[in-house]
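The next block holds one structure in the form of structure tokens; read it before the comments.
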Protein chains: 2
Amino acid sequence: MKLITKQTDYAVRALGYLSGRGDTFISSGEIARAENIPASFLRRIMQVLIKAGIVAAREGKNGGVRLAVNPATVRMIQLIELFQGKIELSDCMVRKDICPNRRTCALRTKIQQAERRLFQDIGKTRLSELI
Amino acid sequence: MKLITKQTDYAVRALGYLSGRGDTFISSGEIARAENIPASFLRRIMQVLIKAGIVAAREGKNGGVRLAVNPATVRMIQLIELFQGKIELSDCMVRKDICPNRRTCALRTKIQQAERRLFQDIGKTRLSELI
DNA sequence: TTAAACTAATACTAAAATGGTGTCAGAATG
DNA sequence: CATTCTGACACCATTTTAGTATTAGTTTAA
Ligand code: FES
Ligand code: FES
């Protein structure tokens, strides 16, 4: 069971790389080489980050990407949800119609507690704290 | 992103069912029917629980399964690891040889913190607390 | 003005994890 | 000895994750 997938991992590394580079545009290719990430895979990841407004892109020669926001405002939970979707419990807690004993489920309560903690720990961690 | 898969979920429900039934052996089929779980799937799940020593089985007619331990001694973390494997971070933290910036990785620290909490919240939760 | 170096967008394949089914053998019981 | 169970697996389906490729369009610099 993995808490963090490759995509999220790569995204963090790429953002870390960018954060050391100020306002210049860096090509995805360079990042991929430097961080040992498959190039086309990283491009797709960058596009997600771009659409999310976390990095800005510039097309054409000498183009590339750069941070669009202060690393201190980017939280891990944002990245995790971006690439892994919202943190859910198990299906029975989502699809209310299926589960018979949903109302009285103690596990649900417990897990929601854990979820809240997850948000506090990794979730609220800022990108700037990681680099 | 799911923290708990169907298998773990089903296992918890089945154990919950058993815990209300004392020392009698209950057939997997009955549990499956009662809890709305695909029968053959549950059988496979039970075999895991049996091998783990959490339930005991009795073969033959009028056979079935029953709890082999006190529900208070079964922890969620045990079930999760049984069906979803050990909680890992991302690969880079496991395969030491691959990741370049492993030593200084702040994310690793953060996530280990979160992991510890996860253990505390869902992990240490006892089966007996859920039923 | 055109080749090179980029991003945009998206379709595609591969591999792994999860969910679920089926079968055949053997044990207990009535 | 038929029935009702578990044991032990092999098998298939679905979903998620990982990774590749392709075609189009933008910018720059020689
Ligand atoms: S909500 Fe479905 S078992 Fe708890
Ligand atoms: S250990 Fe690999 S990026 Fe942190």
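For the pair B:Ile80 CD1 and C:dT18 C1', the interatomic distance rounds to 16 Å; values are reported in whole Å. As a whole-Å value, the separation of B:Lys61 NZ from D:dC1 C1' is 11 Å. C:dC6 atom P lies 16 Å from atom CZ of A:Arg66, rounded to whole Å. Rounded to an integer number of Å, the gap from A:Ile4 CD1 to D:dA18 P is 11 Å. The distance from atom NZ of B:Lys6 to atom P of D:dT14 is 14 Å, rounded to the nearest whole Å. In this entry the distance linking NZ of A:Lys2 with P of D:dT17 reads 10 Å, nearest Å. Rounded to a whole Å, the NZ atom of B:Lys51 is 12 Å from the C1' atom of D:dT6. B:Met1 has its CE atom 13 Å from the C1' atom of D:dT17, to the nearest Å.
Here the shortest heavy-atom pairing between A:Lys2 and B:Met1 reads O-CE, 4.0 Å. Between B:Gln78 and B:Thr73, the shortest heavy-atom contact is OE1-O, 4.2 Å.
In this structure, of C:dT29, D:dT27, D:dG7, it is C:dT29 that holds the atom nearest to the side chain of B:Asn62. Out of D:dG19, D:dT17, D:dT28, the shortest distance to the side chain of A:Thr5 is found at D:dT17. The side chain of B:Arg58 has C:dT29 as its nearest neighbour among C:dT29, C:dG19, C:dC6.
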**Item:** Test log, rule side chain to side chain contact (heavy atoms under 4.5 Å, CB included), inputs A:Leu82 and A:Thr8
**Value:** CA-CA 8 Å; A:Leu82 214 49; A:Thr8 309; over 6 Å; no
**Request:** Begin with the C-alpha distance, continue with both residues' side-chain angles, and end with the deciding distance and a verdict on side chain to side chain contact (heavy atoms under 4.5 Å, CB included) for A:Phe83 and A:Leu49.
**Result:** CA-CA 10 Å; A:Phe83 295 103; A:Leu49 292 174; 3.9 Å; yes
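With B:Gln84 contributing its side chain and B:Leu3 its backbone, the two residues share a donor-acceptor pair below 3.5 Å. Of the possible donor and acceptor atoms, one in the side chain of B:Arg66 sits under 3.5 Å from a partner among the backbone N and O of B:Asp23.
In the model, A:Arg21 has a side-chain atom that pairs as donor or acceptor with a side-chain atom of A:Tyr17 under 3.5 Å.
Residue B:Tyr10 places no side-chain N or O under 4.0 Å from the OP1 or OP2 atom of C:dG19. Contact annotation: A:Ser28 reaches the phosphate of C:dT7 (side-chain N/O to OP1 or OP2, under 4.0 Å). The side chain of B:Ser27 places no N or O atom within less than 4.0 Å of a non-bridging phosphate oxygen (OP1 or OP2) of D:dT4.
Residues of residues 37-49 of chain A that place a heavy atom closer than 4.0 Å to DNA chain C, in numerical order, are A:Arg43, A:Arg44, A:Gln47.
In this structure, B:Phe83 reaches neither bases nor backbone, as no heavy-atom distance under 4.0 Å exists between it and the strands shown. No contact: B:Gln84 has no heavy atom under 4.0 Å from any strand.
Between A:Thr8 and A:Glu59, the residue anchored closer to the 5' end of DNA chain D is A:Thr8, taking for each the nucleotide with the nearest heavy atom.
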